Enquirer: 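Dropping the structure in here first, questions after.
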Amino acid sequence: MKKFVSAACTGLVCLSMAACGSGGGTGGTDSGSESGKKRITLAKENDVISMNTAYATDGMSFEMIAATVDGLEAMDADGNVIPALAESYDLSDDELTYTFHLRDAKWSNGEPVTAQDFVFA
């Protein structure tokens, strides 16, 4: 019985190792496409529930959104706030209202980024 369990475990390990192989992947670039666009593949421990900021409630979704979507401002390597999609902003005299001035930016589909996109998000 011990030999059977040992052989079964060895077989499962070999099978799982084979399933983890690269399978001759493209190594980060989509060389088969005419556009030659770059592609990155991330292996994470959990599934992303939603990339929609209105529905995301889990840490993995927030992590992927932060890695793929720019905000109005960002942090540099030293922890300083720097402009991202906002070129600049104005602060009202009572310091309660921020008015952000957006730079010209487009979504991946070519549509312009607008203030309504940030209101929605």
Side-chain angles (χ1 to χ4, degrees):
M1 183 67 174
K2 277 186 169 181
K3 287 183 181 183
F4 175 75
V5 172
S6 177
C9 287
T10 302
L12 286 174
V13 169
C14 290
L15 184 61
S16 66
M17 296 280 278
C20 293
S22 67
T26 59
T29 60
D30 191 0
S31 59
S33 72
E34 293 179 22
S35 65
K37 292 182 177 180
K38 300 282 184 178
R39 177 180 63 192
I40 186 167
T41 303
L42 297 174
K44 302 301 282 182
E45 62 274 6
N46 295 317
D47 291 336
V48 174
I49 303 302
S50 178
M51 288 293 288
N52 184 332
T53 57
Y55 298 116
T57 59
D58 62 297
M60 188 58 59
S61 296
F62 291 135
E63 186 177 331
M64 289 296 107
I65 291 168
T68 58
V69 178
D70 279 335
L72 292 170
E73 295 184 321
M75 303 281 272
D76 66 10
D78 297 323
N80 300 313
V81 177
I82 58 172
L85 287 176
E87 277 184 327
S88 62
Y89 66 89
D90 297 322
L91 182 58
S92 64
D93 291 336
D94 61 4
E95 297 185 354
L96 296 176
T97 304
Y98 288 80
T99 302
F100 289 90
H101 304 278
L102 300 178
R103 66 180 72 244
D104 288 332
K106 297 194 183 300
W107 290 102
S108 59
N109 66 0
E111 294 289 322
V113 175
T114 67
Q116 286 305 314
D117 295 325
F118 288 95
V119 170
F120 172 79

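Keep in mind the model is a prediction, meaning the values are calculated, not measured. Computation of the quantities below employed the complete heavy-atom set of this structure, encompassing side-chain atoms and omitting hydrogens, waters and symmetry-equivalent molecules.
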Enquirer: Looking only at heavy atoms, which two atoms of Y89 and H101 are closest? And how far apart?
Expert: CA-CD2, 4.1 Å
Enquirer: Might you point out which heavy atoms bring P83 and R103 nearest each other, and give the distance in Å?
Expert: CB-NH2, 3.7 Å
Enquirer: For L102 and A115, work out which heavy atoms get closest and say how close.
Expert: CD1-N, 3.6 Å
Enquirer: Answer yes or no: does atom CG of D94 have more than 12 heavy-atom neighbours from other residues, nucleotides or ligands under 6.0 Å?
Expert: yes
Enquirer: Walk me through whether Y98 and L72 qualify under side-chain contact (heavy atoms from CB on, under 4.5 Å).
Expert: CA-CA 12 Å; Y98 288 80; L72 292 170; over 6 Å; no
Enquirer: Decide whether L91 and F100 are clustered together by the hydrophobic rule: side chain heavy atoms of Ile, Leu, Val, Met, Phe, Trp, Tyr closer than 4.5 Å, transitively.
Expert: yes
Enquirer: Where the side chain of T68 meets the backbone of M64, is there a donor-acceptor pair that is under 3.5 Å apart?
Expert: yes
Enquirer: Between F118 and V113, does a side-chain contact (heavy atoms from CB on, under 4.5 Å) hold up when you go through it step by step?
Expert: CA-CA 9 Å; F118 288 95; V113 175; 3.8 Å; yes
Enquirer: Are side-chain N/O atoms of S50 and N52 paired as donor and acceptor at under 3.5 Å?
Expert: no
Enquirer: Looking at D90, I'd like to know if its CG atom is crowded, meaning that more than 12 non-hydrogen atoms belonging to other residues, nucleotides or ligands lie closer than 6.0 Å.
Expert: yes
Enquirer: Drop me the distance from M75's CE to D78's CG, to the nearest 0.5 angstrom.
Expert: 10.0 Å
Enquirer: Are the side chain of T97 and the backbone of S92 linked by a donor-acceptor contact shorter than 3.5 Å?
Expert: no
Enquirer: If I compare all heavy atoms of F62 with all of A56, which pair ends up nearest, and what's the gap?
Expert: CZ-O, 3.3 Å
Enquirer: Drop me the distance from L85's CG to D70's CG, to the nearest 0.5 angstrom.
Expert: 5.0 Å
Enquirer: Please check if the number of heavy atoms outside D104 that lie under 6.0 Å from its CG is greater than 12.
Expert: no
Enquirer: Quick one: do T53 and I65 satisfy side-chain contact (heavy atoms from CB on, under 4.5 Å)? Show the steps, please.
Expert: CA-CA 8 Å; T53 57; I65 291 168; 3.8 Å; yes
